[in-house]
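The block underneath contains the structure these notes are about, expressed in structure tokens.
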Amino acid sequence: MRLLVAIPVFNEERHVSDVLAQVGRWADDILVVDDGSTDRTGDILSDTPGIVVIRHPENRGYGRSLIDAFHYARRADYDWLITLDSDNQHEPARIPAFIDQAARCDVDVVSGSRYLVDLPDNTPAPEDRRQINRRITRMLNRILGLSLTDAFCGFKAYRVAAVSRLSLTVAGYAFPMQFWVQAVAAGLRICELPVPLIYNDPNRQFGGRLDDPEVRLRHYIDVFLESYRASAIRRGRVAG
């Protein structure tokens with residue numbers, strides 16, 4: 001099995017060196033997508049041997065970084081892609097557990113869940129994030145027939161051949177809304193894996209209007225509805 005670990009990065013000079021060092025213990029092939037960082041992140045990446053870096057000249061969004069990672073993994077003929085965040089809120093030591101889960105359950109997506117199990121080292125999530133996650137997760141489960149407990153965790157393992165069938169375009173933080181719709185429409189097999197709930201910086205912002213929880217929730221719902229209206233799922237149900 002050829003495995004690639006991809007890490008989206010934006011202004012993470014505080015954490016990126018430590019995250020890369022930890023990931024390097026569990027994976028030989030590491031891709032970093034630098035999404036237009038303006039701090040020292042770019043210099044740190046340039047000084048880090050043994051990694052591949054895709055650089056965006058400006059900030060294009062979290063979703064765009066993941067889409068670029070999917071494209072790279074497909075072109076380079078990897079079998080599996082694991083994504084994790086660059087802010088020390090995901091534990092790289094759990095990378096083998098994702099691969100074991102994928103093999104044991106014979107699935108296409110292993111999605112980390114911070115709410116599937118109440119792990120002893122969990123930290124409190126900001127209340128607005130927990131509430132939005134809960135509402136969106138319930139909506140996805142009800143409309144798409146999923147059984148998720150965490151719609152937004154970025155710690156995931158993807159079968160590259162499976163996600164290559166998707167046509168993902170959402171560049172920002174609402175990327176999961178389009179991803180889940182298309183994953184269901186394409187018949188991807190999905191399971192969850194417990195991961196710790198870690199918030200090193202509960203005051204971290206999304207930026208711009210999305211810092212307002214009501215605006216953020218409405219944005220997520222709008223992107224979901226747009227993706228659902230365009231999906232084969234809705235067309236099939238309407239036709240039926």
Side-chain angles (χ1 to χ4, degrees), residues 3-56 59-66 68-69 80-99 101 110-130 132-133 149-158 172-173 175-176 192-207 210-211:
L3 169 68
L4 175 68
V5 175
I7 309 170
V9 173
F10 176 66
N11 287 351
E12 289 291 355
E13 62 181 9
R14 290 175 52 200
H15 300 294
V16 69
S17 291
D18 182 49
V19 170
L20 288 171
Q22 293 184 58
V23 171
R25 299 172 188 168
W26 305 102
D28 294 324
D29 296 355
I30 303 171
L31 170 70
V32 180
V33 184
D34 182 3
D35 191 25
S37 294
T38 56
D39 63 357
R40 292 187 57 255
T41 296
D43 294 334
I44 294 170
L45 296 177
S46 295
D47 292 338
T48 303
I51 64 172
V52 175
V53 180
I54 296 175
R55 299 186 190 275
H56 294 167
N59 185 254
R60 294 178 177 172
Y62 175 76
R64 182 69 250 176
S65 297
L66 292 181
D68 286 354
W80 280 88
L81 172 71
I82 291 182
T83 61
L84 71 160
D85 292 348
S86 56
D87 54 6
N88 257 331
Q89 296 189 163
H90 296 153
E91 296 180 333
R94 294 183 181 266
I95 288 173
F98 278 84
I99 297 303
Q101 183 85 341
V110 180
S111 186
S113 173
R114 299 159 292 181
Y115 303 108
L116 185 62
V117 175
D118 187 13
L119 297 174
D121 294 332
N122 282 357
T123 59
E127 188 58 27
D128 64 307
R129 298 194 183 200
R130 180 183 286 272
I132 288 174
N133 195 332
T149 59
D150 189 347
F152 287 100
C153 184
F155 204 171
K156 285 182 169 60
Y158 304 88
Y173 287 113
F175 169 85
E192 288 188 312
L193 179 71
V195 297
L197 175 63
I198 302 171
Y199 273 95
N200 294 321
D201 182 5
N203 297 315
R204 181 182 290 248
Q205 300 295 302
F206 289 84
L210 294 186
D211 288 338

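For clarity, every value in this text was computed on a predicted model and none was experimentally measured.
In this structure, the separation between CG on Leu66 and CG on Asp35 is 10.0 Å, given to the nearest 0.5 Å. A distance of 7.5 Å separates CG in Leu81 from OH in Tyr158, rounded to the nearest 0.5 Å. The distance from atom CG of Leu84 to atom CD1 of Ile7, rounded to the nearest 0.5 Å, is 5.0 Å. Atoms NZ and OG, from Lys156 and Ser111 in turn, are 3.0 Å apart once rounded to the nearest 0.5 Å.
Between Pro124 and Arg130 the shortest side-chain heavy-atom distance does not fall below 4.5 Å. Residues His56 and Ser65 are in side-chain contact: their nearest non-hydrogen atoms beyond the backbone lie under 4.5 Å apart. Residues Arg55 and Leu45 meet the side-chain proximity criterion, which asks for heavy atoms closer than 4.5 Å. Looking at Gln22 and Asn88, their side chains come closer than 4.5 Å, going by heavy atoms from C-beta outward. Between Ile198 and Glu91 there is a side-chain heavy-atom pair separated by less than 4.5 Å.
The shortest heavy-atom contact between Gly154 and Tyr62 is CA-OH, 3.6 Å. Trp26 approaches Pro96 most closely through the heavy-atom pair CE3-CG, 3.5 Å. A pairwise comparison of heavy atoms in Gly42 and Asp34 identifies CA-OD2, 3.8 Å as the closest pair. Val5 approaches Ala27 most closely through the heavy-atom pair CG2-CB, 3.5 Å.
Partners of Phe155 under the ring pair (Phe, Tyr, Trp, His ring centres under 6.0 Å) rule, at least two apart in sequence or in another chain, are His90, Phe98. Take Glu13 and apply the side chain to side chain contact (heavy atoms under 4.5 Å, CB included) test, not counting sequence neighbours, and it matches Asp39, Arg40, Thr41, Ile44. Contacts of Asn133 classified as side chain to side chain contact (heavy atoms under 4.5 Å, CB included), with partners at least two apart in sequence or in another chain: Arg114, Tyr115, Thr137, Asp150, Ala151, Phe152.
Under the 3.5 Å distance criterion, the side-chain polar atoms of Ser86 are matched with a main-chain donor or acceptor of Pro8.
Looking only at atom types and distance, the side chain of Asp87 has no donor-acceptor partner in the side chain of His15 under 3.5 Å away.
With Ile82 as reference, Ile99 is the one residue of Leu4, Ile30, Val110, Ile99 to meet the side chain to side chain contact (heavy atoms under 4.5 Å, CB included) rule.
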